[in-house]
Each structure stands twice: as structure tokens, then as C-alpha cells.
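Only one structure is covered here, and it is reproduced in the block below.
For reference, positions follow the sequence shown, starting with 1.
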Amino acid sequence: MIRIAGLFTAFVILAGASLSPAAAEDKTLTVFAAASMKNALDEVDAAYTAKTGVKITASYAASSALAKQIEQGAPADVFVSADTDWMDYAVSKKTINESTRVNLLGNSIVLIAPKDSKIDNVTIAQGFDLAKLAGDGRIATGDVKSVPVGKYAKAALEKLGAWQVAEPKFAMAESVRAALTLVARGEANLGIVYSTDAKVEPGVKVVGTFPADSHPAIIYPVAATTTAKGETKDYLAFLRSTTAKTILEKYGFKFLVSPTT
């Protein structure tokens, strides 16, 4: 009996040891977020982990790609989209807990050029000639059919009467960060990205800002997925905190909700 009891005790100890890593893994949340969020959200996530001990694994890409990955069963607890359309899409596919949805952030779109470009101080208004400005070079932005920044860019250019002539010069990138890189490397003479992206890339300069009324309002909704872990509620609350607000505004985002302490 003593030997059996000893074996049982050893089994319990081993079982406990094998469970502890799993318990640690439970303290991890997976966030799918728009590519433009990377620098700011990485800092927010680091602050959240320091406060709670919960590790955040973030995956950044175009909102269109992320929404479809979630639809196909990719494990995610939180979705942050760079537009309301792709959040609406996720809701329609029943992959989002709609009751947790909040329009968290705002942004703006700007015209950028490589930092050593001679192009500067462009007045973006009705009838401005983007095609002529680009010369023989390309204009980079996200895919105008699916990537939010590209959709905003096309809407603005259509309203300003500049789209039709400029369209053949566009290089459609898979995400806003890919478009940003094309300009930073000098592979495109101009680019249309979010102001927050231009702010974190030393290889580019802002040469003009699109009027806010030239395109739909740029809104970043955030929500938990239908398969989200229990800790997700606390993380979403942190995104609305004064700590998160300070970080996000430092990167140029507009905070659209009343912050919590």
C-alpha cells in the first residue's frame, strides 16, 4: 500500500507539472489587427502584459485578409479593423461578438513621397493632378478593391476628380505597410497611406493631406470574436483606458471613445 501511495503521489506531481505550462498558455490572447496598428498596438500590448501578465500575440495584415482568416477558423480573440466594412463582414459571418464592438479610433490619409523627393507641399483639392505629379513613377496604396486604405484613397480621388487619369499609375499593395515600404525604398514616387504610418517611417515625408470630407470617415472598430477567451473582456477594457489613449494618440490616432481609468 505504501508503494502504491507513493506511485500515486508521484503521478499527481507529474500531472501537475504537465498542466502548469497549459495553464500558462491560457494567459495568452491572440489579436488580429490592421497593419497600420502595429507600432502603436505593440506598445499598448506591452503595457497590458506588464500590468496583467497576460501575453498578447498580435497578427498584423490588411483588415480584409484578417476578416477572411477569422472566417476560415483562424484562432483569434480580438479583431481590430481599419474600416467598418470589414467588421460588418465579420459580423455577417457570425465570427464576431457584436455586443463587444466599439468604434475605437480615427485616422486620416496623406500623400507621401520618399524623404529625398523634390515633391513637397501639395495642395490636395478639387481637380489636383495626381497623375502629373507622379511623373513616370508609380503611386502606391493598398488594393483599392479590398484593403481599407486603398478604398479610402480611391473614394477621395474620385471625389476630387483625380482618379481616372491616375489609376493606371497605381501599384496596389497587399497592405498599407507594404505600400509604405514601396515609397520608402523609392520604388514608387508617391503613396497614399494613413498619417500614422507616415509618422513611423523615416524613409518618407508627408507632402499633402487629404481633406476629411473627401472620403468616408476613417474608423477603426474593435471587437471580440465569438471564440474569444475570458480574458478578452479585460483586454478590450484596457484598450479604452487612459493608458492606451496616451499611447495611441502619441502615434497619431484619434481616440473616439471616452477613456476609462
Check this for me: does any side-chain nitrogen of one of K250 and E43 sit under 4.0 Å from a carboxylate oxygen of the other? yes
Within this structure, what is the NE2-NZ distance for the pair H215 and K154, rounded to the nearest 0.5 Å? 16.0 Å
Check the side chains of Y48 and D234 for a donor-acceptor pair under 3.5 angstrom, ignoring hydrogens and angles. yes
Heavy-atom pair with the smallest gap, counting every atom of L248 and A40: CD2-CB, 3.9 Å
Is the shortest heavy-atom distance from the side chain of I70 to the side chain of K93 under 4.5 Å? no
Given 3.5 Å as the limit, does a donor-acceptor pair link the side chain of S146 with the main chain of S64, or not? no
N107 and Y251: side-chain donor and acceptor closer than 3.5 Å? no
Less than 4.5 Å apart, side chain to side chain, heavy atoms only: is that true for L41 and V31? yes
Are any non-hydrogen side-chain atoms of N103 and V257 less than 4.5 angstrom apart? no
Over all atoms of both residues, closest heavy-atom pair of A171 and R138: CB-NH1, 3.7 Å
Could you see if V147 belongs to whatever hydrophobic cluster contains L66? Use Ile, Leu, Val, Met, Phe, Trp, Tyr and a side-chain cutoff under 4.5 Å. no
Check: Y194 side chain, V149 main-chain N or O, donor-acceptor pair, under 3.5 Å: yes
Do we see a donor-acceptor contact under 3.5 Å between the side chains of Y220 and T84? no
I'd like to check K151 versus V144 (side-chain heavy atoms, cut-off strictly below 4.5 Å). Are they in contact? no
When rounded to the nearest 0.5 Å, the distance separating OG of S117 from CG of L190 is 6.5 Å
For P114 against G186, the heavy-atom pair lying closest together: CG-CA, 4.2 Å
Less than 4.5 Å apart, any side-chain heavy atom of T226 and any of I96? no
Does a side-chain heavy-atom distance below 4.5 Å link D136 with N189? no
Are D83 and I218 close enough that some pair of their side-chain heavy atoms sits under 4.5 Å apart? no
I'd like to know if the side chain of T49 reaches the main chain of V54, judged simply by a donor and an acceptor atom lying under 3.5 Å from each other, with no hydrogens or angles considered. yes
L29, V80: one ILVMFWY side-chain cluster at the under-4.5 Å cut-off? yes
Indicate whether any N or O donor in one side chain lies under 3.5 Å from an N or O acceptor in the other, for S241 and T260. no
Nearest 0.5 Å, what's the OG1-CG distance between T141 and L182? 10.5 Å
Same cluster or not: V102 versus M37, using hydrophobic residues (I, L, V, M, F, W, Y) connected whenever any side-chain heavy atoms lie under 4.5 Å apart? yes
Carefully, step by step, assess K233 and D77 under the rule salt bridge (charged side-chain N to carboxylate O under 4.0 Å, His left out). CA-CA 10 Å; K233 182 178 179 181; D77 300 292; over 6 Å; no
For D120, the side chain to side chain contact (heavy atoms under 4.5 Å, CB included) test, sequence neighbours excluded, returns K205, V207
For Q164 and E158, run side chain to side chain contact (heavy atoms under 4.5 Å, CB included): C-alpha distance rounded to whole Å, both residues' side-chain angles, the deciding distance at 0.1 Å, then the answer. CA-CA 7 Å; Q164 191 171 358; E158 284 180 331; over 6 Å; no
Residues forming a ring pair (Phe, Tyr, Trp, His ring centres under 6.0 Å) with Y89, sequence neighbours excluded: W86
Do F253 and M87 share a hydrophobic cluster, counting only Ile, Leu, Val, Met, Phe, Trp and Tyr and linking them when any side-chain heavy atoms are less than 4.5 Å apart? no
E71 CD: over 12 foreign heavy atoms closer than 6.0 Å: yes
Walk me through whether V78 and L236 qualify under side chain to side chain contact (heavy atoms under 4.5 Å, CB included). CA-CA 8 Å; V78 175; L236 291 178; 4.1 Å; yes
CG of L133 to NZ of K169: how many Å apart, nearest 0.5 Å? 9.5 Å
To the nearest 0.5 Å, what is the distance between CE (M172) and NZ (K145)? 8.0 Å
Taking P211's backbone N and O only, do any of them form a donor-acceptor pair with S214's side chain (distance below 3.5 Å, no angle check)? yes
Mind running side chain to side chain contact (heavy atoms under 4.5 Å, CB included) on D42 and K38 for me, showing each step along the way? CA-CA 6 Å; D42 278 351; K38 179 171 173 44; 2.8 Å; yes
For A35, does its backbone N or O pair with a side-chain atom of S175 as donor and acceptor, under 3.5 Å? no
For the student: nearest non-hydrogen atoms of N97 and A223, plus distance: O-CB, 4.4 Å
Quick check: closest heavy atoms across V193 and A179, and the distance to 0.1 Å? CG1-CB, 4.4 Å
Within the structure provided, determine whether V222 and F79 are in side-chain contact (heavy-atom separation under 4.5 Å). no
Sidechain-backbone polar pair: Q126 side chain, K159 backbone, donor-acceptor under 3.5 Å: yes
Test your reading of the model: is there a side-chain donor-acceptor pair from T242 to the backbone of P259, 3.5 Å cut-off? no
How many angstroms lie between CG in D197 and OG1 in T181, if you round to the nearest 0.5 Å? 9.5 Å
Say whether F32 and F238 are linked into one hydrophobic cluster, either directly or through other cluster members, by side-chain heavy-atom distances under 4.5 angstrom. no
Determine, stepwise, if the pair E231 / I56 fulfils side chain to side chain contact (heavy atoms under 4.5 Å, CB included). CA-CA 11 Å; E231 292 91 346; I56 306 299; over 6 Å; no
Do side-chain atoms of K55 reach the backbone of K27 as a donor and acceptor pair under 3.5 angstrom? no
Of all heavy-atom pairs between I139 and A134, which one has the smallest distance, and what is that distance? CG1-CB, 3.7 Å
